[in-house]
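Inspection log for the structure reproduced underneath, given as structure tokens.
Remember, predicted model here, so these are calculated numbers, not experimental data.
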Amino acid sequence: MFEDYEKFKKDIYALTKIDLNAYKEKQMKRRIDTLITKNKVTNYKDYVALIRSDKEKFEQFVSFLTINVSEFYRNPEQWVMLDKDVFPNLISRFGKNLKIWSAACSTGDEPYSLVMALSKFVPLNQIKIIATDIDQQILDKAKVGLYNAKSIAAVPADMKRKYFKQIGASYQISEEIKSRVEFKKHDLLKDPYPSGCHMIVCRNVLIYFTEEAKTEVYRKFSNSLNKDGILFIGSTEQITNYKDFNYQRLQSFFFQKV
């Protein structure tokens with residue numbers, strides 16, 4: 001349908017510094033072509049010109065390109081594991097001042113969930129989560145902290161009562177929780193990674209990356225973790241060669257650096 005995707009990828013990299021070569025081509029091209037068609041554009045060249053000249057269309061493209069499907073306490077059974085095993089073990093090894101990085105954090109559901117889950121073990125004023133994403137528009141939304149009922153459906157009832165205020169059909173997360181998260185723009189494929197992490201959470205993001213890009217990211221995650229630190233991945237993902245990155249599998253979606 002649209003011709004010269006190779007040139008389009010180069011144009012997009014020049015414009016956004018997002019490397020489309022790191023994403024599975026068939027899947028990503030289909031998404032992009034759909035967006036271009038919705039904007040009533042018939043070729044890549046004209047679409048690049050559109051997003052170069054129109055800030056709103058540029059932000060729409062970046063938001064559409066980055067996968068922003070998120071919700072609080074996603075896959076609740078995995079948060080039970082965090083509660084029963086992972087957090088107690090991390091605290092026994094490293095103390096209560098844990099350095100936790102929520103990578104590709106999307107609209108903030110995950111880092112805010114981490115703060116609430118960790119608050120069972122650590123006073124709120126001692127919790128600090130680093131939360132990063134490639135999409136500035138999404139980070140801005142995360143900082144506002146306004147969510148629909150579906151997004152917060154899995155939040156434990158006591159946490160929902162304590163930390164959310166209903167505003168019309170939406171729910172505003174409290175400043176107590178928001179203040180414990182530091183949001184930063186970050187590209188997993190090219191920016192430096194934080195060091196000395198006790199836990200990294202990156203869920204249901206790398207499934208969109210090529211095998212080469214995944215390998216690089218998992219290697220960098222390993223380098224970012226302290227020995228005995230934990231990597232928490234998504235239920236749609238697996239690391240078959242985890243030993244290559246100095247991980248051992250703890251439970252289905254939790255890997256420990258050895």
message: Within the supplied structure, the quantity of interest is the number of heavy atoms (other residues, nucleotides, ligands) at a distance under 6.0 Å from K214 NZ; does it exceed 12?
response: yes
- prompt: Just wondering, more than 12 heavy atoms not from K45 lying within 6.0 Å of its NZ?
  reply: no
Can you see whether [X] engages [Y] through a side-chain donor-acceptor pair at a distance of less than 3.5 angstrom?
{"X": "N75", "Y": "S235", "value": "yes"}
{"X": "N148", "Y": "S151", "value": "yes"}
{"X": "N204", "Y": "E237", "value": "no"}
{"X": "W79", "Y": "S113", "value": "no"}
{"X": "N89", "Y": "Q256", "value": "no"}

query: With a 4.5 Å limit on heavy-atom distance, are the side chains of L206 and Y218 in contact?
result: yes
message: So F245 and T215, do their side chains get closer than 4.5 Å, heavy atoms only?
response: yes
Residues [X] and [Y] bridged, charged N to O under 4.0 Å:
{"X": "R219", "Y": "E216", "result": "yes"}
{"X": "E110", "Y": "R203", "result": "yes"}
{"X": "E176", "Y": "K178", "result": "no"}

task: For the pair Y44 and Y5, name the ring-plane relationship: parallel under 30°, tilted 30 to 60°, perpendicular over 60°.
output: tilted
query: Do the rings of F8 and Y47 sit parallel, tilted or perpendicular, given the 30° and 60° boundaries?
result: tilted
query: Sub-3.5 Å donor-acceptor pair from the side chain of Q78 to the main-chain atoms of F232, do we have one?
result: no
task: Provide the full list of ring-ring contact (aromatic ring centres under 6.0 Å, His included) pairs with a residue in residues 150-181, sequence neighbours left out, each pair given once.
output: F72-F164
- request: For a ring pair (Phe, Tyr, Trp, His ring centres under 6.0 Å) with Y242, tell me which candidate from F255, Y247, F221 qualifies.
  value: F255
- prompt: When you look at K9 and N21, which way does the side chain to side chain donor-acceptor pair (under 3.5 Å) test go after all the steps?
  reply: CA-CA 7 Å; K9 288 190 289 187; N21 287 310; 2.8 Å; yes
field: Centroid-centroid distance, F87 to F254, less than 6.0 Å
entry: no
message: Please enumerate all residues that pass side chain to side chain donor-acceptor pair (under 3.5 Å) together with R249, with sequence neighbours excluded.
response: none
